[in-house]
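None of these values were measured; they are calculated from a predicted model.
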Amino acid sequence: MILIVILTPCGTLNLIINVMRVTVNLQIKKSKARSDNKCPVYARCTMDGKRIEISTGIFALESEWDLKGQVLTGRSEKVRVVNNKLDKIVTKIYDAYNQLESTGGDFDIFHLKQKLTGAKPQNGFIEIFEKVVSSLESKLNKGYTWGTIKHYKTTSQRLKEFIPKYYKVKDIPIERVNYEVLNLFDSFLKSNYNISENTAWGYHRHLKKVLSDAVAMNLLNKNPYSIYRVKRVEANRDFLTLQEIQVLENKIISLKRLELVRDIFVFACYTGLSYSDICILSKGHLQIGNDREEWIIIDRTKNDSRCRIPLLPKAKNILQKYEYYPINNSMNLLLPVHSNQKMNAYLKELADICNIKKNLSMHVARHTFATSITLSNGVPIETVSKMLGHNSLKTTQIYARIVDSKISEDMKKLKSKLAG
């Protein structure tokens with residue numbers, strides 16, 4: 001133990017055990033002077049770079065205040081009583097600090113203020129975040145997929161690592177979440193997990209939703225994301241050309257697991273369905289359209305938007321191939337789909353076998369449908385948007401990157417018209 005002698009503002013000696021992380025200074029607030037020109041005296045407490053101010057309930061003229069000694073000047077009995085009261089306030093603050101320190105738990109300057117003022121515990125940032133996640137879990141498959149909830153849980157885990165590291169406490173009051181906190185969290189993610197700008201954007205999207213909910217619950221006056229902006233960089237999205245799709249289709253594969261994954265991937269290329277929608281695809285989703293042809297009509301698990309997709313022959317052939325697959329029949333599904341993690345792992349193996357130098361994933365199939373299968377063959381973007389189940393053309397434009405062959409074809413038509 002280390003004994004430290006502290007001279008209080010009123011000149012008395014206090015013995016404090018251990019080196020203190022908190023300092024207390026008394027000062028008058030001239031900006032809050034009353035009509036009689038007397039200013040309130042505040043105790044400013046600083047700890048780990050953060051500070052709070054506590055009103056002492058005492059007022060003094062600026063001319064009566066000893067700035068250096070932090071006491072009232074004069075030798076009258078009234079001055080002595082006031083200075084003694086200030087001395088007790090400072091001692092009370094140090095006592096409260098020592099009590100928190102003796103528990104051995106983590107605390108910060110705001111816990112100290114709570115103990116001194118008797119204020120009710122504030123709602124914690126992580127506490128509110130987890131309440132929102134619980135609310136999302138109750139809406140599983142009713143607007144929220146397990147994948148989305150899993151991502152929120154990952155963000156919650158990152159917060160549980162970030163807050164103790166930077167603030168030395170398990171949680172911080174949600175009222176304290178400001179531009180600085182969000183900026184530090186962004187730096188923490190990028191330095192500790194080496195993530196891209198777009199991956200960081202995903203974490204911030206979760207925080208923004210939780211903070212918006214906190215505003216709606218009157219726990220926060222304003223969402224700090226109104227001033228903290230996070231950029232989303234336009235990603236270079238892979239898709240397969242028609243030639244690459246044909247290589248996949250024609251490849252003779254001896255391993256049944258890879259053949260299955262290849263077929264499901266090709267099916268996604270010809271329908272544009274996402275992994276989560278293929279997982280739940282059943283006979284009930286196959287319907288006869290006005291053209292008397294077979295269509296897939298399904299509400300997307302991601303946003304409940306309806307997809308209406310005419311079934312192309314190659315996609316239909318794959319469904320027929322697995323029509324009597326045992327797992328399909330027992331679960332009333334059309335295709336036997338592995339977990340997304342396994343599917344993507346097998347697709348990388350498949351890409352090596354087929355000598356395709358692209359990072360294959362189930363989402364690449366969706367891009368391929370939008371780009372090589374539909375738009376490159378003259379299907380209007382509005383039609384493609386409807387089939388993909390997008391709510392706006394802006395979303396479709398992210399997927400629908402026109403390939404050079406389509407641009408060349410369109411320009412040839414233009415040249416022909418201009419020549420005529």
Side-chain angles (χ1 to χ4, degrees), residues 136 139-152 197-199 201-202 204-206 208-209 212 230-242 245 264-282 284-287 289-291 293-312 315 334-335 337 340 343-344 360-403 406-407 410:
L136 297 184
K139 299 170 187 173
L140 181 61
N141 297 327
K142 297 176 183 177
Y144 292 93
T145 64
W146 174 244
T148 299
I149 294 168
K150 186 179 176 183
H151 290 150
Y152 271 88
E197 199 73 33
N198 285 356
T199 304
W201 177 86
H204 285 290
R205 183 178 58 173
H206 300 152
K208 186 177 181 180
K209 190 261 189 295
S212 292
V230 185
K231 291 181 181 179
R232 188 179 187 184
V233 181
E234 188 58 46
N236 184 26
R237 298 173 184 271
D238 275 334
F239 64 94
L240 298 189
T241 64
L242 287 175
I245 298 171
I264 292 172
F265 180 84
V266 171
F267 177 81
C269 287
Y270 284 107
T271 61
L273 288 173
S274 66
Y275 166 80
S276 56
D277 293 329
I278 294 175
C279 282
I280 63 169
L281 198 62
S282 67
H285 294 121
L286 295 179
Q287 299 181 29
N290 294 335
D291 56 0
E293 297 289 341
E294 209 163 16
W295 289 49
I296 293 175
I297 300 177
I298 185 172
D299 294 334
R300 292 195 65 201
T301 54
K302 184 175 182 179
N303 57 15
D304 280 337
S305 294
R306 177 150 292 188
C307 299
R308 305 176 67 86
I309 310 160
L311 198 58
L312 294 173
L334 294 179
L335 290 170
V337 187
N340 196 25
M343 290 289 290
N344 289 333
L360 292 192
S361 68
M362 286 301 295
H363 222 53
V364 169
R366 191 163 162 83
H367 300 319
T368 300
F369 175 77
T371 313
S372 299
I373 302 297
T374 54
L375 283 164
S376 295
N377 289 297
V379 179
I381 192 170
E382 294 83 1
T383 304
V384 176
S385 185
K386 187 70 177 174
M387 288 191 288
L388 289 173
H390 289 160
N391 292 322
S392 79
L393 287 179
K394 272 189 176 181
T395 310
T396 313
Q397 285 163 353
I398 294 172
Y399 287 85
R401 182 176 52 187
I402 310 297
V403 292
K406 180 68 171 72
I407 296 172
D410 290 342

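With sequence neighbours excluded, the residues satisfying salt bridge (charged side-chain N to carboxylate O under 4.0 Å, His left out) with Glu294 are Lys316. For Arg205, the side chain to side chain contact (heavy atoms under 4.5 Å, CB included) test picks out Trp201, with sequence neighbours left out. Judged as a side chain to side chain donor-acceptor pair (under 3.5 Å), and not counting sequence neighbours, Gln287 has no contacts. By the side chain to side chain donor-acceptor pair (under 3.5 Å) test, Asp291 is found to be paired with Trp295, residues two or more places apart in sequence or in another chain being considered. The side chain to side chain donor-acceptor pair (under 3.5 Å) test applied to Ser305 returns Asn303, Asn391, not counting sequence neighbours. Residues forming a side chain to side chain donor-acceptor pair (under 3.5 Å) with Ser276 (at least two apart in sequence, or on another chain): Ser274, Thr301. For Lys209, the salt bridge (charged side-chain N to carboxylate O under 4.0 Å, His left out) partners at least two apart in sequence or on another chain are Asp213. Qualifying side chain to side chain contact (heavy atoms under 4.5 Å, CB included) partners for Thr374, counting only residues two or more places apart in sequence or in other chains: Phe369, Val379, Val384, Met387. Every side chain to side chain contact (heavy atoms under 4.5 Å, CB included) that Leu312 has, sequence neighbours left out, goes to Tyr270, Ile373. With sequence neighbours left out, the side chain to side chain contact (heavy atoms under 4.5 Å, CB included) criterion links His206 to Phe129, His151, Tyr152, Thr155.
We find the CG-NE2 distance between Leu311 and His285 to be 13.5 Å, quoted to the nearest 0.5 Å. In this structure, CD1 on Ile298 lies 4.0 Å from CD1 on Ile280, to the nearest 0.5 angstrom. Here the CG atom belonging to Leu281 is positioned 4.5 Å from the CG atom belonging to Leu334, to the nearest 0.5 angstrom. If you take CG on Leu388 and CZ on Arg366, they are separated by 4.5 Å, rounding to the nearest 0.5 Å. Atom CG of Leu240 and atom CD1 of Ile245 lie 5.5 Å apart (nearest 0.5 Å). With rounding to the nearest 0.5 Å, the separation of CZ in Arg306 from CD1 in Ile297 is 7.0 Å.
With hydrogens and angles disregarded, a donor-acceptor distance shorter than 3.5 Å links the side chain of Asn377 to the backbone of Ser372. Formation of a donor-acceptor pair under 3.5 Å by the Asn344 side chain with backbone atoms of Met362 is found in this model. A donor-acceptor contact shorter than 3.5 Å links the side chain of Ser376 to the backbone of Thr371.
The shortest heavy-atom contact between Ile278 and Ala268 is CD1-CB, 3.7 Å. Between Ile309 and Thr271 the shortest heavy-atom distance is CD1-O, 3.4 Å. Scanning both residues, Cys307 and Arg300, for their nearest heavy atoms gives SG-CG, 3.3 Å.
Residues Tyr275 and His363 are not in side-chain contact: their nearest non-hydrogen atoms beyond the backbone lie 4.5 Å or more apart.
No hydrogens or angles considered: nothing links the side chains of His390 and Ser385 as a donor-acceptor pair under 3.5 Å.
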